[in-house]
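Since this is a predicted model, take the numbers as computed values, not measurements. Sequence positions, counted from 1, serve as the residue numbers for this chain.
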Amino acid sequence: MRHFQQTRRQIHEHLEQIERKAAVEMGRLQAENAAADARARETQVNLRDLEIYLAAGELALIKARGDFAALKTKVEATQPPDPVQFSALRDMGEQIDAFETRLVRMNIAITDAMVAIPQIRTAQEAARIEIRNIMDAMLFDMPRLKGAILQVAALNQINKAAASTAARRQVAREIGQLGADALAQAYTNAKLSNAAADVEALESIAGRLLDTIGKGAKISEENRRKRDEAQKRIETLKVNLVLGLRASAEQIVRSA
């Protein structure tokens, strides 16, 4: 019995290793789902804030357009034409254009947030499906695998013990004759019940999911860099326009 227990230890260790790997993978997927919940909550808060800012910005844009129209009427009615007022009018028009661009970008951000939340929930559902698959493998496939392996090991030990004496050889022949079909079935089930391969496949799926999330983060970082660069270019363009308008106004003053 002690020898039988020692010979089974390697099998038990291998099965425990499979179960530990499955538990680690489940924990990793659960952690990813928890992080996704936090991201979804932050996205919802950001979405609500953006909607408020957008509404306020649209009201401010309407008021700015009205002020611009009033100033334009005043400047055009001034005789003789005042280049300083024309320059101020142009500046105001540029500011309104910049503000409209900002509102457009805010609308894009709101749309992105609205799309991001369903994407996060879809990824979470996929992770939950994989968690349930791992649990099913541990609850249903592993017991069958253990039973089949231990049955094969037990039959092997019986065959070895029976080989020591003629009486045991006779017992082994009788058991082998009676249990040939059972042994073949147990061995076939052991071959077919490949829970380790299922766990490895789940690990591969989870790895691809994490790679996809990582790529999305890199893309977001690159988009952020491009937006910052575009903002700097817009600021540079504004400065150049102001300088050009100032030069134009000065030229008009000198000509007058």
Side-chain angles (χ1 to χ4, degrees), residues 19-66 68 93-139 197-239 241:
E19 292 175 344
R20 285 195 299 270
K21 288 174 66 177
V24 169
E25 188 60 30
M26 287 176 60
R28 186 180 304 166
L29 291 173
Q30 289 169 349
E32 287 296 328
N33 264 3
D37 280 332
R39 290 196 301 272
R41 288 193 298 270
E42 292 173 357
T43 302
Q44 289 173 351
V45 172
N46 186 40
L47 178 60
R48 288 193 292 270
D49 292 341
L50 286 175
E51 289 174 343
I52 294 173
Y53 295 149
L54 180 61
E58 289 175 347
L59 292 176
L61 180 61
I62 293 172
K63 182 179 181 302
R65 285 174 175 170
F68 179 80
E94 290 296 333
Q95 292 174 1
I96 292 174
D97 289 340
F99 191 68
E100 288 178 345
T101 302
R102 195 68 173 271
L103 289 180
V104 170
R105 294 186 181 279
M106 192 177 296
N107 264 317
I108 294 173
I110 289 175
T111 305
D112 288 340
M114 294 174 64
V115 173
I117 294 174
Q119 289 177 338
I120 292 173
R121 296 309 184 193
T122 301
Q124 285 182 302
E125 181 60 26
R128 283 192 288 268
I129 291 173
E130 296 307 326
I131 291 173
R132 289 194 292 269
N133 289 338
I134 294 175
M135 292 179 63
D136 289 343
M138 293 301 99
L139 292 175
D198 292 339
V199 174
E200 290 176 359
L202 292 173
E203 289 177 344
S204 176
I205 293 172
R208 289 197 297 270
L209 177 61
L210 294 176
D211 289 340
T212 301
I213 293 172
K215 290 178 181 178
K218 291 180 180 179
I219 292 172
S220 296
E221 183 64 26
E222 180 65 18
N223 289 338
R224 187 179 300 107
R225 184 188 65 78
K226 290 180 178 179
R227 287 195 298 270
D228 292 341
E229 181 180 352
Q231 183 65 30
K232 292 178 181 178
R233 291 173 63 185
I234 288 173
E235 294 299 331
T236 302
L237 179 59
K238 287 180 181 179
V239 171
L241 287 175

Starting at CG of D49, measure out to CG of L54 and round the result to the nearest 0.5 Å.
12.5 Å

Note: E130-R28 ion pair, threshold 4.0 Å (strictly below):
no

For I120 and A36, the nearest pair of non-hydrogen atoms, with its separation, is CG2-O, 3.4 Å

Counting C-beta onward and ignoring hydrogens, is there a side-chain heavy-atom pair between T101 and D97 closer than 4.5 Å?
no

Interatomic spacing from CD in Q124 to CD1 in I131 - rounded to 0.5 Å:
10.0 Å

Salt bridge check, E222 against R225: does any charged N sit closer than 4.0 Å to a carboxylate O?
yes

Can you give me the closest heavy-atom contact between G57 and F99, atom names plus distance?
O-CE2, 3.1 Å

One should read off an interatomic distance between K63 NZ and L61 CG, to the nearest 0.5 angstrom, of 12.0 Å

Evaluate the side-chain proximity of E125 to I129: yes if any heavy-atom separation is below 4.5 Å, no if none is.
yes

Any chance you could measure L139, atom CG, to I134, atom CD1, to the nearest 0.5 Å?
11.5 Å

Taking only Lys NZ, Arg NE, NH1 and NH2, and the carboxylate oxygens of Asp or Glu, determine whether E42 and R39 approach each other closer than 4.0 Å.
no

Show, in sequence, the C-alpha distance, side-chain angles and deciding distance for L29 and M26, and conclude whether the side chain to side chain contact (heavy atoms under 4.5 Å, CB included) test is met.
CA-CA 5 Å; L29 291 173; M26 287 176 60; 5.9 Å; no

State plainly whether the residues R121 and D37 are in salt-bridge range, i.e. N to O under 4.0 Å.
yes

I need the minimum non-hydrogen distance between I117 and T43, along with the two atoms involved.
CG1-CG2, 3.7 Å

Pick one: which of R105, R65, Q95 meets side-chain hydrogen bond (donor to acceptor under 3.5 Å, both in side chains) with E100?
R65

Heavy-atom pair of closest approach, residues F68 and I96:
CB-CD1, 3.6 Å

Under the criterion side chain to side chain contact (heavy atoms under 4.5 Å, CB included), I'd like the reasoning laid out for R41 against V45: C-alpha separation, chi angles, the key distance, then a yes or no.
CA-CA 6 Å; R41 288 193 298 270; V45 172; 5.7 Å; no

Between A109 and L50, the two heavy atoms sitting closest are CB-CD1, 3.9 Å

